[in-house]
Amino acid sequence: MSNALDVRKVANRYATLLQLCRSRNPTSYPLAQTIHAHMIAFGFRPRGHILNRLIDIYCKSSNITYARHLFDVIPEPDIVARTTLISAYSAAGNLKLAREVFGGTPLSMRDTVFYNAMITGYSHNDDGHAAMELFRDMRREAFRPDNFTFTSVLGALALIADREKQCQQVHGAVLKSGTGFVTSVLNALISVYVKCASSPLESSSSLLGAAKKLFDEMPERDELTWTTIITGYVRNDDLATARGILDGMTEKLEVAWNAMISGYVHRGFIQEALEMFRKMHMMGIRLDEFTYTSVISACANGGLFKHGKQVHAYILRTERKAEPDFSLSVNNALVTLYWKCGKVDEAREIFNTMPVRDFVSWNAILSAYVNVGRIEEAKSFFKEMPERNILSWTVMISGLAQNGFGEEGLKLFNQMRMEGFEPCDYAFAGAITSCAVLGSLEHGRQLHAQLVQLGHDSSLSAGNALITMYARCGIVEASNCVFLTMPYLDSVSWNAMIAALGQHGYGLQAIKLFEEMLKEDLVPDRITFLTVLSACSHAGLVKEGRHYFDSMCGFYGVTPGEDHYARLIDLLGRAGKFSEAKDVLKSLPFEPGVAIWEALLAGCRIHGNMELGVQAAEKLFELMPQHDGTYVLLSNMYATAGRWNDVAKVRKLMRDRGIKKEPGCSWVEVENKVHVFLVDDTVHHEVQAVYNHLEQLVLEMKKLGYIPDTKFVLHDMENEHKESVLSTHSEKLAVVFGLMKLPLGATIRVFKNLRICGDCHNAFKYMSKVVGREIVVRDGKRFHHFRNGECSCGNYW
DNA sequence: GTAGGGTTAG
């Protein structure tokens with residue numbers, strides 16, 4: 001009898017000790033395990049209650065396996081043990097086991113806390129719908145939800161896409177349950193309303209208003225309240241309100257300050273971000289990993305290398321005791337700082353010496369190589385990566401596409417899928433850009449269809465890529481369709497659409513769109529002006545182009561680069577305004593480079609301005625002696641003027657310097673005759689092939705009832721001025737020939753990689769008149785629409 | 001026994 005009493009006493013002591021350990025902080029868990037060892041060593045066999053508490057201890061010490069062992073040997077584990085085990089399993093990401101324990105618990109045993117644990121489990125494992133379902137089950141079974149239930153459920157709602165209605169339902173349940181004044185519940189409500197407001201799927205400002213109303217009327221606020229409302233406004237891009245609330249906050253809450261700083265960084269307010277950092281420092285608010293990371297990122301985005309380095313030095317001075325993984329995100333931000341400030345090799349150096357690395361670190365270096373165009377290094381770095389996530393693939397795919405490796409980009413996209421990665425919208429954007437590079441409309445269309453299937457069709461980046469892809473594949477109408485149906489547009493979208501119109505010769509429409517963009521309060525950047533200038537030049541809108549160039553420097557404060565000047569010269573040169581072009585040349589704030597001289601030479605070639613053309617060509621020979629384009633332009637210029645001796649001289653120069661160019665020709669229409677000049681080495685059988693094609697073409701035309709009213713005259717330079725055949729380069733002719741076979745009345749699109757210069761330009765004009773149809777021809781990135789003998793790009797040839 | 005906020009790579 002007394003023995004039994006003793007046992008009970010000992011059991012009570014052990015139970016008290018364990019309870020003490022559990023109510024303290026996690027550091028006392030090892031002690032609890034020692035107590036367990038003690039029991040076993042002294043032959044005390046713990047039973048029911050104590051074993052149940054030990055399960056909790058082992059769960060919290062992350063020894064779930066042993067906790068599970070105890071759980072299995074207890075005849076009837078109690079609800080507390082079950083709850084803690086569910087919680088441990090879901091924290092470890094093992095929802096299946098958590099569900100098993102949940103399902104194995106009879107309804108009579110269950111209580112609210114038990115349901116709460118499982119709801120949170122779903123929520124932590126990103127299954128908002130399951131959490132909501134369970135919440136409904138629990139209410140159906142008449143369990144009363146409490147504060148914890150509501151905070152978890154509201155947290156789960158944050159994961160669901162279309163949730164506005166459900167939020168209101170839960171809000172109603174909160175009011176009914178009487179927890180409507182509990183700070184934690186109100187915090188969760190504010191949090192979910194604020195998230196709804198920032199979601200693109202839901203209606204906007206009224207939700208933010210609802211959140212603000214809850215915030216204003218709260219009986220008590222805690223640290224989390226402040227952070228939630230401030231981050232809420234930051235996420236909704238209302239930085240001013242967020243800042244106002246922060247300034248009225250007396251608590252020194254670094255989390256809220258960090259959110260504010262990162263908000264500024266994301267919106268590009270670099271100075272404000274740095275100012276906040278200084279203020280934080282002055283006010284003695286704790287600076288942590290998050291603060292440093294955001295501030296360094298601010299410096300990286302603003303190109304403020306010096307400031308970034310100062311922050312780096314400050315961290316090294318003050319955070320000496322920092323553990324390696326403290327500095328992980330800081331180091332990642334530093335890597336980005338260095339490469340964005342043009343110091344790729346230094347960034348690599350930091351990466352090499354980092355004690356711990358994660359995906360962010362690897363991907364940062366990969367982006368560095370890709371962004372500066374060191375594509376070979378990017379490729380080998382990509383191969384070297386120990387693990388790749390979706391971002392690694394995406395960076396590499398779009399890097400390849402943007403550097404002109406369309407085929408490799410598509411290959412990698414397929415490989416990514418084969419390795420089991422579900423491509424995100426950015427990856428699709430990369431693959432679509434690859435199609436744009438290749439001019440592969442069919443493949444681009446397929447990707448577009450898949451994009452819609454996977455529900456990525458509202459994606460900004462994919463939409464932008466589609467606009468460019470369709471434009472480069474000649475279907476500017478499809479670009480416009482994508483542009484019009486995109487739910488959100490950024491300046492890249494506008495730039496892409498303006499460029500699309502410009503490439504197709506719709507200069508006036510491009511300008512109109514640009515004006516619309518300004519009305520939307522979007523700030524045009526240097527790319528916008530490049531596309532607008534291109535559009536003007538392609539459509540011959542000299543006055544307009546000039547105007548936009550001037551407003552870029554004056555009103556918009558964009559400093560024109562060499563590329564802008566090159567487009568201006570191109571614009572003036574095509575219009576034959578050489579004295580103005582010369583004035584621009586004189587006023588250049590730097591030495592003119594290849595792009596500028598090439599634009600000038602192209603203009604001279606059109607208008608036969610020999611003197612200036614030769615000057616430009618000489619500069620180009622100095623800068624890039626091996627560039628074949630210069631020789632072709634120059635010889636075309638001479639050919640246009642009929643200066644055959646000079647053409648021969650250029651050809652000799654090419655031979656002497658070992659410059660090879662595939663056979664080509666030049667066309668000029670003079671007095672109702674199209675003269676075709678073969679200006680470089682054309683082998684005899686090709687001439688024969690051209691001849692055969694032409695005979696067939698003329699036959700076809702006659703069959704259709706057309707009588708060619710223009711004579712084609714071939715000048716074969718090998719046999720000095722011997723007029724023999726009527727023709728052009730075989731490939732171009734084949735295209736023209738192909739047009740004849742198409743049904744009348746259709747718009748004809750030709751996606752061959754043709755270069756349209758004076759030669760085929762006239763041919764296509766002529767053909768469009770003859771066949772009475774629109775002909776669309778791709779020329780590199782540009783498109784020419786030929787209608788009724790005229791071309792959309794104006795009379796420049 | 002159960003909940004809720006901030007960072008870095010495109």
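Since the model is a prediction, treat every value here as computed from it, not as a measurement. Proteins get letters first, then strands, A, B, ... in listed order; numbering begins at 1 in each.
- Atoms OH (A/Tyr115) and P (B/dA3) sit 18 Å apart, rounded to a whole Å.
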The contact string for nucleotides 5-10 of chain B, one letter per nucleotide 5' to 3', using protein heavy atoms under 4.0 Å with B, S and - for base, sugar-phosphate only and none, comes out as BBBBBB

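- Note that A/Arg82 lies outside the cation-pi zone of A/Phe102, set by a 6.0 Å cut-off to the ring centre and a 45° limit from the axis.
- To the nearest angstrom, C1' of B/dT2 lies 10 Å from CE of A/Met138.
- At a threshold of 4.0 angstrom between heavy atoms, the contacts of A/Asp78 with the nucleic acid are absent.
- Atoms CG (A/Asp222) and P (B/dA3) sit 16 Å apart, rounded to a whole Å.
- Cation-pi contact between A/Arg139 and A/Tyr115: absent, since separation from the ring centre below 6.0 Å together with deviation from the ring axis within 45° is not met.
- The backbone N or O of A/Val492 lies less than 3.5 Å from a partner atom in the side chain of A/Asp490, making a donor-acceptor pair.
- No engagement by A/Leu334 is indicated, since no non-hydrogen atom pair under 4.0 Å with the nucleic acid exists.
- Geometrically, A/Lys379 does not engage A/Tyr369 in a cation-pi contact defined by less than 6.0 Å to the ring centre and at most 45° from the axis.
- The distance from atom CG of A/Leu154 to atom C1' of B/dG4 is 9 Å, rounded to the nearest whole Å.
- Tested against A/Thr293 for a side-chain hydrogen bond (donor to acceptor under 3.5 Å, both in side chains), the candidates A/Ser327, A/Ser329, A/Ser262 yield a single pass: A/Ser329.
- Regarding contacts with the backbone of B/dG4, a side-chain N or O of A/His124 is found under 4.0 angstrom from either OP1 or OP2.
- Rounded to an integer number of Å, the gap from A/Leu51 CG to B/dG1 C1' is 16 Å.
- At a threshold of 4.0 angstrom between heavy atoms, the contacts of A/Asn187 include nucleobase atoms, whether or not backbone atoms are also involved.
- Annotation: side-chain contact (heavy atoms from CB on, under 4.5 Å) contacts of A/Asp78 (sequence neighbours excluded): A/Asn52, A/Arg53, A/Val80, A/Ala81.
- Rounded to whole angstrom, the span from the CZ atom of A/Phe114 across to the C1' atom of B/dA3 amounts to 17 Å.
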